[in-house]
Amino acid sequence: MFLEKINRFRRSLAFRLTILYVGIFTILIFAAFYVFYQAMISRINARTDNEMEVEMKECSLILAAKGTEALNGHIEEEVKSSGIDDRFFRLLTMGGEEILSSDPGSWKELGVNRSVLKKLTKSSPEFETIKLSKLKYQVRVIYGVVDSGKVLQIGHSLVDDEHVFQDLRVLFRTLIPVFLFLASFGGWFMAKRSLASVEQITQTAIAIADGAIEKRVPTTGRGDEVDRLSGVFNNMLERIQSLIVEMKEVTDNIAHDLRSPITRIRGLAEVTLLSEKNMEEYQSMAESTVEECDRLLWMINMMLEISETEAGVSTLSLSEVSLSDLIEEACDLYLPLAEERDIQIKTSISTQYHLSGDKGKLQRVLANLLDNAIKYTMPGGKIIVSSQKVDKTVMLSVHDTGIGISPDETSRIFERFYRADKSRSVPGAGLGLSLVQAIVRSHGGEIKVSSAPGAGSTFTVFLPLAKIL
Ligand code: ADP
């Protein structure tokens with residue numbers, strides 16, 4: 001249990017982010033300290049060299065003005081004040097022979113570097129850093145031409161510089177763990193804070209999996225990545241919830257609408273079984289059963305077709321379809337039915353438009369719209385089928401002077417099985433417009449309705465245009 005907790009912690013994104021953050025921080029802090037340390041070394045070395053050069057110039061002036069004796073006196077005083085292990089002076093000939101020197105003490109080992117002597121010019125002194133076995137720290141040695149034919153060698157212990165460097169190293173060694181501790185703490189805190197919203201999404205997903213479909217992730221409104229993810233997640237939940245509600249409605253409707261024909265079929269069969277009938281009655285009952293079965297089959301097929309068209313499962317057999325031919329053919333087909341009901345059908349097609357679409361399916365769109373227009377228009381009414389171009393879209397509209405639809409019902413008529421109150425006396429299943437919408441959408445188009453009770457309805461289909469002839 002405890003081991004599992006540790007493993008989960010090690011696999012967590014917050015832990016990995018903290019490790020990454022601390023790793024990057026460590027590299028950066030070491031690099032920063034290294035650069036700072038090197039800068040300090042070169043600065044302190046430059047200062048030491050500068051001091052030695054000043055000392056060299058002072059000795060040179062004393063030698064030039066007051067001679068060797070005076071220089072010797074000055075040197076002894078300098079060694080006395082700085083310490084015998086700290087300073088060493090030696091006056092040499094250009095060939096490297098000693099003329100005078102301070103007390104050698106621990107400096108005995110210090111020789112004369114002849115190659116340095118050879119490079120020496122009057123204007124620029126030469127430096128070298130060496131280690132003497134009797135002195136704990138390195139020494140810096142300067143060679144300079146002080147008087148015609150004379151060279152002064154000054155040795156300077158780097159003990160003070162080395163102490164500064166040591167202090168710096170101790171400071172770094174103390175500060176780095178403190179910084180690393182603070183960085184780990186800060187990194188962990190920041191990682192946890194920025195991942196808190198992700199944790200909330202996880203918790204919401206867990207709650208939803210347990211059945212709380214109405215749960216949503218709180219958004220901060222900051223517009224950062226996690227906030228956007230929360231927004232997308234909530235939208236997705238919204239969509240899923242509405243799909244579930246839709247599915248429930250559809251199943252309820254299916255159950256309700258299939259129950260009626262099945263009950264009727266059962267009723268017919270029961271009546272047939274219970275009482276003796278003559279042949280004609282049996283025949284009429286069989287006919288009614290076949291009719292009900294056909295209606296059931298039609299409904300089932302229609303629902304399948306709508307689902308397949310919506311899901312894009314049924315493929316479109318695309319070809320170039322002439323809109324005027326489509327309209328004329330459909331109107332010719334429905335003219336006898338319209339005449340029978342004393343309804344006029346008029347067309348208004350100004351130009352020839354071509355669509356890229358599935359002719360059979362587009363015919364079903366127009367047939368359904370015309371069928372509805374005839375069904376829901378009183379005798380003496382009028383239907384106008386027209387087409388026109390709007391930008392890159394073809395607008396096909398079917399207008400009727402029928403019963404119309406109330407505003408609160410217009411938004412629902414494309415739902416499966418929905419039927420407006422006023423039309424319930426007319427036969428229908430409430431599936432035609434669902435199929436029309438699915439077909440139009442599968443062609444990349446849209447369908448709209450404008451209607452008012454008693455003032456008729458206009459169904460307008462917008463479809464992408466193939467080309468104008
Ligand atoms: P059905 O016509 O079989 O009931 P539809 O899906 O074709 O099913 O239409 C759904 C509902 O929309 C209809 O029941 C009717 O209430 C309404 N409707 C459709 N077309 C018209 C129209 N032209 N005029 C008035 N109401 C209409």
Side-chain angles (χ1 to χ4, degrees), residues 246 249-250 252-254 256-261 291-292 294-310 327 330-331 333-335 337-338 340-348 361-386 395-442 445-462:
E246 225 171 86
E249 271 177 18
V250 169
D252 286 354
N253 286 335
I254 291 174
H256 178 266
D257 281 70
L258 294 190
R259 204 167 41 197
S260 317
E291 258 172 42
E292 291 295 347
D294 283 349
R295 186 173 146 70
L296 255 178
L297 274 175
W298 175 85
M299 275 170 71
I300 291 168
N301 285 336
M302 199 66 169
M303 284 186 307
L304 278 176
E305 200 175 344
I306 295 168
S307 302
E308 282 175 6
T309 313
E310 275 178 353
I327 294 172
C331 290
L333 197 70
Y334 278 89
L335 203 59
L337 183 64
E340 199 179 288
R341 301 206 54 204
D342 189 22
I343 295 168
Q344 277 184 52
I345 298 187
K346 286 198 170 166
T347 56
S348 155
K361 296 209 168 184
L362 291 174
Q363 272 170 338
R364 296 199 65 181
V365 168
L366 207 49
N368 265 297
L369 294 178
L370 276 171
D371 189 54
N372 280 349
I374 296 171
K375 262 194 323 193
Y376 303 114
T377 301
M378 296 298 136
K382 204 177 359 171
I383 296 170
I384 303 169
V385 184
S386 58
M395 228 171 77
L396 161 69
S397 68
V398 178
H399 169 76
D400 64 58
T401 55
I403 58 171
I405 310 157
S406 67
D408 52 320
E409 288 181 306
T410 44
S411 57
R412 303 207 57 196
I413 54 170
F414 295 101
E415 289 172 19
R416 286 184 185 86
F417 296 108
Y418 187 82
R419 306 201 70 211
D421 280 342
K422 270 173 70 181
S423 53
R424 294 207 190 262
S425 53
V426 182
L431 289 172
L433 285 181
S434 304
L435 181 67
V436 167
Q437 189 179 55
I439 294 176
V440 170
R441 285 189 176 164
S442 71
E446 203 46 70
I447 179 162
K448 292 204 169 116
V449 58
S450 81
S451 181
S457 314
T458 309
F459 285 83
T460 313
V461 175
F462 299 86

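Note that ligands are numbered from 1 as they come in the structure, with each ligand's atoms numbered from 1 the same way. These numbers come from a predicted model, not from an experiment.
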Give a yes or no answer on whether the side chain of Arg341 reaches the backbone of Ile374 with a donor-acceptor pair at less than 3.5 Å.
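Between the backbone of Ile374 and the side chain of Arg341 there is a qualifying donor-acceptor contact (under 3.5 Å).
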**Item:** With Val436, the side chain to side chain contact (heavy atoms under 4.5 Å, CB included) member among Thr309, Val365, Leu431, Asn372
**Value:**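 For Val436, the side chain to side chain contact (heavy atoms under 4.5 Å, CB included) test succeeds with only one of Thr309, Val365, Leu431, Asn372, which is Val365.
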Item to complete: Would you mind checking which non-hydrogen protein atom is closest to atom 11 (C) of ligand 1, with the distance to 0.1 Å?
Response: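 Scanning the protein heavy atoms, the shortest distance from atom 11 (C) of ligand 1 goes to Tyr418 O, 3.7 Å.
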Protein heavy atom at shortest distance from atom 2 (O) of ligand 1
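Here the closest protein heavy atom is Tyr376 OH, 2.7 Å.
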What do you reckon, does [X] have a nitrogen or oxygen under 3.5 Å from a nitrogen or oxygen of ligand 1?
| X | value |
| --- | --- |
| Gly428 | no |
| Ala420 | yes |
| Ser423 | yes |
| Ile403 | no |

Where Phe414 and Ser434 come nearest, the two heavy atoms and their spacing |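 Where Phe414 meets Ser434 most closely, the heavy atoms are O-OG, 3.0 Å.
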Of all heavy-atom pairs between Ala420 and Ile405, which one has the smallest distance, and what is that distance?
->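 Result for this residue pair: CB-CG2, 4.5 Å.
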Practice problem: Could you establish whether Phe414 and ligand 1 come within less than 4.0 Å of each other, counting only heavy atoms on the residue side? | Solution: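 Heavy atoms of Phe414 never come under 4.0 Å of ligand 1.
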So, 4.0 Å and heavy atoms of Ala429: is ligand 1 close enough to count as a contact?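 Heavy atoms of Ala429 do come under 4.0 Å of ligand 1.
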Worksheet entry | Leu433: numbered ligand 1 atoms lying under 4.0 Å from its heavy atoms |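 Contacts of ligand 1 toward Leu433, numbered from 1: 5 (P), 6 (O), 7 (O), 9 (O), 10 (C), 12 (O), 19 (C).
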| Which ligand 1 atoms does Gly430 reach within 4.0 Å, using its non-hydrogen atoms? |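 Once the distances to Gly430 are compared, the set is 1 (P), 3 (O), 4 (O), 6 (O), 8 (O).
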Using a 4.0 Å heavy-atom cut-off, say whether [X] meets ligand 1 through its side chain, its backbone, both or neither.
| X | answer |
| --- | --- |
| Lys375 | side chain |
| Leu431 | backbone |
| Ile413 | both |

Which residues share a side chain to side chain donor-acceptor pair (under 3.5 Å) with Ser451, sequence neighbours left out
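So Ser451 forms a side chain to side chain donor-acceptor pair (under 3.5 Å) with Ser457.
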Practice task
Any chance you could lay out the salt bridge (charged side-chain N to carboxylate O under 4.0 Å, His left out) test for Lys422 and Glu409, step after step, and finish with the verdict?
Solution key: CA-CA 10 Å; Lys422 270 173 70 181; Glu409 288 181 306; over 6 Å; no
| More than 12 heavy atoms of other residues, nucleotides or ligands under 6.0 Å from NZ of Lys382: is that the case? |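 Result for NZ/Lys382: open.
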Do Val398 and Leu366 have side chains that get closer than 4.5 Å, going by heavy atoms?
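In contact.
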